[in-house]
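What follows is a set of notes on a single structure, which appears directly below.
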Amino acid sequence: MEERYNAQKTEKKWQEFWEEQKLFAVKEDTELPKFYCLEMFPYPSGRIHMGHVRNYVIGDVITRYKKMRGFNVLHPMGWDAFGMPAENAAIKHGIHPSKWTRENISYMKEQLKKMGLVYDWQREVTTCNPEYYRWNQWFFLKMLERGLAYKKTSSVNWCPSCETVLANEQVINDGCWRCDTTVGQKELEQWFFKITAYADELLKDAGTLSEWPEKVVTMQRNWIGRSEGVEVDFRIAGSDRKLRIFTTRQDTLYGATFMSVAKKHPVVAELVRDEEIIKNIEALSDDPEEKQGVFTGCYAENPLTGDNIPVYAANFVLMEYGTGAIMAVPAHDQRDFEFAKKYDLPIKVVIVPERRGEVFSPLLEKHGSAQADAYKLQKAFEDDGVLVESGPFSGLTSEEAREKIADFLEKEGLAKKVVNYKLRDWGISRQRYWGTPIPIIYCSSCGIVPVPERDLPVVLYQDVQLSGKGASPLSEVRDFVVTKCPKCGGNAKRETDTMDTFVDSSWYFIAYCLGGNEKIDFTSSLRTGEKTSPLQYWMPVDQYIGGIEHAVLHLLYSRFFTKVLRDLGLVEINEPFSRLLTQGMVIKDGAKMSKSKGNVVDPDFLVNNYGTDTVRIFSMFAAPPERDLEWSDQGVDGAMRFLNRIWAFVYNNHDNLCISGSGRLKDISCFQAQASQLLRKTHQTIKKVTNSIERDYHFNTAIAALMELVNETLAFSPANDDERNLLRFTIKQVILLLSPFAPHFSEELWRETGESQSVFNEKWPAWDEDIAREEEIELVVQINGKVRAKIMTAAGLDDETVKGKAFSDPKINEIIKDKTPKKVIVVKGRLVNIVI
RNA sequence: GCCGGAGUGGCGGAAUUGGUAGACGCAAGGGACUUAAAAUCCCUCGACUGGUAACGGUCGUGCCGGUUCAAAUCCGGCCUUCGGCACCA
């Protein structure tokens with residue numbers, strides 16, 4: 001054994017060993033309980049950063065721990081390899097996206113291996129591999145068959161200078177991220193996945209995600225944005241045309257004094273003839289700050305009051321939500337209120353606040369009309385209340401009225417109850433090169449023709465020159481575009497858009513189960529009996545770990561895909577991820593690491609200088625995983641010191657410790673005080689570390705407990721064979737408990753203590769509750785809740801004895817003197833509180 | 001504006017879910033070893049305060065109230081801060 005721990009040498013040695021032994025390669029084994037541990041796979045941007053390190057170390061610790069707990073652990077890794085940065089590199093440096101991506105992958109893979117992260121690399125997936133993305137295309141075709149994929153025109157972000165579509169995140173302060181040109185909206189025909197067909201189920205099942213952070217579930221709920229209301233038809237005066245609106249506040253219908261429609265609402269084109277008005281509507285600003293409208297010249301009839309109310313085109317009404325038209329109730333909606341003030345429209349109060357079950361409106365009582373209030377309103381009253389001046393519904397509460405008015409309108413055939421969602425269908429078309437080609441052919445005689453399954457994959461054409469200009473780069477490649485129609489054999493053109501890369505990541509966790517890139521085969525898994533299917537065995541993911549930034553997008557898309565796959569008969573589960581951990585950011589000097597702030601820490605540097613085990617210990621110790629982690633160079637030194645102290649101790653006691661197969665430990669009662677205390681502490685630590693991991697993976701307190709045990713162990717010098725035996729036992733427990741956190745270090749010490757098997761084939765230690773129990777406790781005696789004395793007593797005494805001890809303490813006696821205690825409270829094993 | 005976290009020593013963070021606030025680590029100060037330094041080891045370390053000392057006392061978990069024998073923890077009202085969403089009718 002060397003005197004000093006050599007991290008470089010040791011880490012390399014065991015990394016090679018684990019890989020050779022395929023220690024973490026797994027097969028389906030129905031005899032063993034399975035555990036699927038997954039971290040969000042990286043985009044191969046070039047290098048691993050500290051965010052990745054933290055994410056993957058958490059997963060690695062869990063993997064090793066669960067393996068020792070006897071689980072068959074699946075822990076795979078892959079590459080989210082399609083995306084814009086590869087195209088940018090191509091444009092900037094003339095290197096092909098494929099080459100750039102593959103070089104990055106090979107570098108990053110080495111980085112991951114150097115960090116001692118153990119994956120079943122046989123199951124690796126790379127999404128830009130045709131063997132992978134052919135299944136994106138296959139899913140697309142399946143969805144097309146089921147009406148879950150469709151094409152429609154919608155507006156997208158468009159940079160007029162680059163002549164390309166931009167994703168929302170590529171629009172920075174209304175400008176193009178590349179050339180800073182102001183981004184506009186453009187109508188484009190695009191492919192969509194009908195995620196809204198699953199809106200209700202996605203919302204309902206969000207309630208089953210009990211082991212997800214509450215926050216993420218809430219964000220998804222809000223994103224789906226379900227609301228129940230009614231669609232009501234307003235007859236347009238002097239026309240057969242009806243104007244349908246959506247509202248959740250039908251209780252305020254009597255207060256509707258005008259209507260607002262989106263400027264793109266069809267009613268505008270149909271009924272407005274005046275050129276001047278049309279021009280004004282088109283000129284409405286898109287500025288969300290300023291509410292603007294133009295009177296269309298039309299009137300509609302309020303179905304309850306029969307009043308004719310003006311119809312406005314307004315810039316704040318969205319065509320995409322509801323029906324693109326609303327009834328405006330200025331007294332009870334802030335936007336309508338502002339609008340009414342601006343254009344001098346009537347405000348009619350129909351809801352008044354309720355106080356202690358009574359109507360609260362002094363003016364109503366005084367003047368007999370709530371309208372006296374209206375002119376002095378400063379803002380809309382949006383809360384529920386009691387209806388006034390609402391015909392037969394007056395006097396009802398908002399809640400009752402919503403029900404009654406909806407029923408009434410429905411009976412009259414004027415309305416129907418509907419549910420609306422904020423969630424929109426998922427636009428997957430991208431006018432970009434580095435993605436999955438959409439498997440569609442346009443034939444002049446047959447129209448839109450899907451590529452037949454047998455012709456998959458539609459391989460991404462390799463030989464392209466990327467300029468960053470022009471529409472979809474594929475559209476300029478004749479060899480790709482020109483094809484034959486699979487139906488009629490005539491001349492046809494291929495779709496040149498590619499898929500959003502979120503499609504790739506929506507099912508990669510399933511691809512791992514099937515064995516990775518080349519082995520993915522859904523058509524045969526459709527045929528296979530479900531019982532033996534690896535999907536049946538591995539899914540769902542038991543623990544998913546990643547950044548909070550995917551709270552909605554990736555996690556929602558994956559949930560959607562899982563449900564679609566279930567309906568296709570490919571999986572039986574409803575949800576892909578049982579338990580989710582969103583790890584915090586790694587920050588330094590109080591800010592997120594970034595090149596511009598110059599506070600980045602380079603993982604390669606750390607691994608080369610300290611070794612990965614030190615980095616792992618520090619990052620697990622400094623904060624619980626869900627919180628942000630403040631990086632500290634001195635903290636890393638501290639982690640290193642911790643490991644070095646253990647090493648030095650084993651080195652100094654090597655002769656004693658390296659005897660293999662430790663003898664039976666004697667009963668605790670035969671030990672001297674210090675020894676029996678160490679044995680007790682050992683069992684307490686096993687308990688503490690295990691519970692800390694089991695309870696929300698709080699590795700920081702697990703490591704703290706280990707440090708305490710190490711401190712006690714290092715202070716212990718054995719006096720006889722029994723005590724030497726005990727020391728050997730304790731050190732071995734320390735190594736076992738430490739092994740998920742510092743795997744190379746522990747594997748090395750495990751061998752140095754006379755073992756010949758891998759520490760990761762060992763069982764996780766178990767504690768003995770009887771030995772862990774304290775024999776003596778420090779009894780705290782309080783007077784009126786203030787600590788006045790501490791007495792060492794035996795544990796487990798009955799209340800009366802404990803009271804007796806408390807009252808016989810001289811200090812307590814001094815304070816109580818002749819006073820009679822009013823009350824004495826005994827908390828078992830902790831304290832006595834005497835109230836005087 | 002709405003929703004959701006978070007606020008504890010000089011710092012990162014503990015606290016068995018109402019029962020000794022500050023575990024563990026970092027930094028700092030003092031000491032030992034050393035020709036010296038590094039490394040290592042030992043001691044001190046919330047604030048104020050009494051005592052030569054041994055040893056005490058008071059306050060203290062963002063602020064103000066409340067419940068309780070007892071509150072970092074529960075309740076009500078604020079303040080600060082970090083995320084997410086933002087014309088969704």
Side-chain angles (χ1 to χ4, degrees), chain A residues 4 213-219 221-223 225-227 229 245-250 252 260 286-291 314-318 320-329 332-336 338-339 382 420-424 548-549 551-552 584-585 587 590 617-618 621-624 626-639 641-642 644-645 648 687-688 691-692 695 698 700-711 714 777-790 811 821-836:
Chain A
R4 297 195 67 82
E214 190 58 42
K215 182 191 192 175
V216 175
V217 176
T218 308
M219 278 165 77
R221 281 205 182 102
N222 293 341
W223 189 264
R226 183 192 146 102
S227 59
I245 61 104
F246 173 73
T247 183
T248 56
R249 290 299 304 271
Q250 58 272 23
T252 65
S260 301
D286 293 322
D287 181 8
E289 290 299 303
E290 200 192 350
K291 302 208 177 352
N315 67 344
F316 66 90
V317 179
L318 305 171
E320 298 80 38
Y321 185 76
T323 62
I326 58 166
M327 66 173 194
V329 186
H332 305 295
D333 181 282
Q334 186 58 23
R335 288 159 308 181
D336 296 341
E338 285 166 31
F339 197 90
E382 293 184 321
N420 253 310
Y421 299 93
K422 284 204 259 185
L423 184 70
R424 300 290 145 73
I548 186 78
E549 66 273 17
V552 174
M585 287 187 301
I587 57 176
I617 292 282
F618 171 72
F621 174 66
E626 71 279 5
R627 276 221 235 173
D628 284 352
L629 168 68
E630 172 77 36
W631 195 261
S632 151
D633 293 337
Q634 283 113 340
V636 179
D637 291 337
R641 272 198 289 272
F642 171 58
N644 284 339
R645 287 201 304 145
K687 181 178 182 178
K688 183 83 201 292
N691 289 343
S692 287
R695 179 172 67 101
H698 277 198
N700 56 329
T701 50
I703 293 172
L706 263 172
M707 286 173 168
E708 280 190 60
L709 176 60
V710 167
N711 289 344
L714 267 49
I777 58 147
E778 191 183 49
L779 179 71
V780 169
V781 186
Q782 297 182 331
I783 304 283
N784 294 339
K786 289 194 173 170
V787 181
R788 283 295 119 105
K790 295 174 182 179
K811 259 175 75 185
K822 288 188 197 126
K823 202 171 180 182
V824 182
I825 294 119
V826 180
V827 181
K828 277 229 183 323
R830 296 207 171 273
L831 59 76
V832 177
N833 187 14
I834 301 163
V835 185
I836 54 172

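Letters A, B, ... mirror the listed sequences (proteins, then strands); counts begin at 1. Predicted, not measured: the structure shown is a model, and the values here were computed from it.
Nucleotides B/U8 and B/C45, compared at atom P, are 22 Å apart to the nearest Å. Here, B/G19 and B/U73 have their P atoms 11 Å apart, quoted to the whole Å. Distance check on atom C1': B/A71 versus B/G65 gives 14 Å, rounded to whole Å. A gap of 11 Å separates the C1' atoms of B/G25 and B/A14, to the nearest Å. Here the separation of B/C78 from B/A27, taken at their C1' atoms, is 35 Å to the nearest Å. Nucleotides B/A72 and B/U17, compared at atom C1', are 12 Å apart to the nearest Å.
Taken to the nearest 0.5 Å, the CD1 atom of A/Ile783 stands 5.5 Å off from the CD1 atom of A/Ile836. Note that the CG atom of A/Asn222 and the NZ atom of A/Lys422 stand 6.5 Å from one another [nearest 0.5 Å].
Between the CG atom of A/Leu831 and the P atom of B/A71 there is a distance of 12 Å, rounded to whole Å. To the nearest angstrom, C1' of B/G56 lies 13 Å from NZ of A/Lys790. Summarising the geometry, the separation between CG on A/Asn691 and P on B/A15 is reported as 12 Å, rounded to the nearest angstrom. Remark: C1' of B/G12 and CZ of A/Arg627 are 9 Å apart, rounded to the nearest angstrom. Computed from coordinates, the A/Glu382 CD to B/C2 C1' distance equals 11 Å when rounded to whole Å.
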Show each protein N/O and nucleotides 46-49 of chain B N/O combination with a separation under 3.5 Å, one pair to a line.
none

Please produce a list of atom pairs where a protein N or O lies less than 3.5 Å from an N or O of nucleotides 24-28 of chain B.
| unit_1 | atom_1 | unit_2 | atom_2 | d |
| --- | --- | --- | --- | --- |
| B/G25 | OP1 | A/Asn711 | ND2 | 3.2 |
| B/C26 | OP1 | A/Arg641 | NE | 3.1 |
| B/C26 | OP1 | A/Arg641 | NH2 | 2.8 |
| B/A27 | OP2 | A/Arg641 | NH2 | 3.3 |

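Note on A/Gln782: a base of the nucleic acid sits closer than 4.0 angstrom, heavy atoms only. A/Val827 comes within 4.0 angstrom of a nucleotide base, judged by non-hydrogen atoms across all strands. When heavy atoms are screened at a 4.0 angstrom cut-off, A/Lys811 is found touching the sugar-phosphate backbone but no base atom. Within the 4.0 angstrom heavy-atom criterion, only backbone atoms of the sugar-phosphate kind lie near A/Pro624; the bases stay farther away. Base engagement by A/Glu778 is indicated by at least one non-hydrogen atom pair under 4.0 Å involving a base atom.
Taking A/Phe316 as the reference, A/Phe339 meet the ring pair (Phe, Tyr, Trp, His ring centres under 6.0 Å) condition, with sequence neighbours excluded. Applying the ring pair (Phe, Tyr, Trp, His ring centres under 6.0 Å) rule to A/Phe621 yields no partners; only residues at least two apart in sequence or on another chain are considered. The side chain to side chain donor-acceptor pair (under 3.5 Å) search around A/Ser692 returns A/Thr701, not counting sequence neighbours. With sequence neighbours left out, A/Gln634 forms a side chain to side chain donor-acceptor pair (under 3.5 Å) with no residue at all. For the side chain to side chain donor-acceptor pair (under 3.5 Å) test, no residue two or more places apart in sequence or in another chain qualifies with A/Arg627. Considering only residues two or more places apart in sequence or on other chains, A/Arg226 meets the salt bridge (Lys or Arg N to Asp or Glu O under 4.0 Å) condition with A/Asp200, A/Glu228. Applying the side chain to side chain donor-acceptor pair (under 3.5 Å) rule to A/Glu626 yields the partners A/His698; only residues at least two apart in sequence or on another chain are considered. Looking at residues two or more places apart in sequence or on another chain, you find no ring pair (Phe, Tyr, Trp, His ring centres under 6.0 Å) involving A/Trp223.
Base orientation at B/G9 is syn, since its O4'-C1' glycosidic dihedral falls within 90° of 0.
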Walk me through it: do A/Asp336 and A/Ile326 pass the test side-chain contact (heavy atoms from CB on, under 4.5 Å)? CA-CA 10 Å; A/Asp336 296 341; A/Ile326 58 166; 3.9 Å; yes
Take A/Lys790 and A/Leu779 through the side-chain contact (heavy atoms from CB on, under 4.5 Å) test and state the conclusion after the steps. CA-CA 5 Å; A/Lys790 295 174 182 179; A/Leu779 179 71; over 6 Å; no
Test side-chain contact (heavy atoms from CB on, under 4.5 Å) on A/Thr252 and A/Met327; report intermediate values, then the result. CA-CA 10 Å; A/Thr252 65; A/Met327 66 173 194; 3.6 Å; yes
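Annotation: side chain of A/Glu382 is in contact with side chain of A/Asp333 (closest heavy-atom distance under 4.5 Å). Put simply, the side chain of A/Lys291 reaches to within 4.5 Å of the side chain of A/Arg335, judged on heavy atoms. Within the 4.5 Å cutoff, no side-chain heavy atoms of A/Val329 are placed close to those of A/Arg249.
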Return one dot-bracket line describing RNA chain B 5' to 3' (Watson-Crick or G-U wobble pairs, both distances under 3.5 Å; ( ) same strand, [ ] crossing, | another strand, . none). (((((((..(((......[....))).(((((.......))))).(((((....)))))..(((((..]....))))))))))))....
In the 5'-to-3' direction, what one-character label does each nucleotide of nucleotides 83-89 of chain B receive under the scheme B = base within less than 4.0 Å of a protein heavy atom, S = sugar-phosphate only, - = no such atom? -S--BBB
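Distance from the side chain of A/Ile825 is smallest to B/G19 among B/G12, B/G57, B/G19. Side-chain proximity of A/Thr218 to the nucleotides B/C3, B/C69, B/G57 is greatest for B/C3.
Between A/Arg221 and the phosphate of B/C2, there is no side-chain N or O to OP1/OP2 separation shorter than 4.0 Å. Proximity of A/Lys786 to the phosphate of B/G57: no side-chain N or O atom is located under 4.0 Å from OP1 or OP2.
Comparing A/Gly785 and A/Asn700 by the nucleotide of RNA chain B whose heavy atom lies nearest to each, the residue mapping closer to the 5' end is A/Asn700. Taking for each of A/Val835 and A/Asn644 the nucleotide of RNA chain B with the nearest heavy atom, the 5'-most of the two is the partner of A/Asn644.
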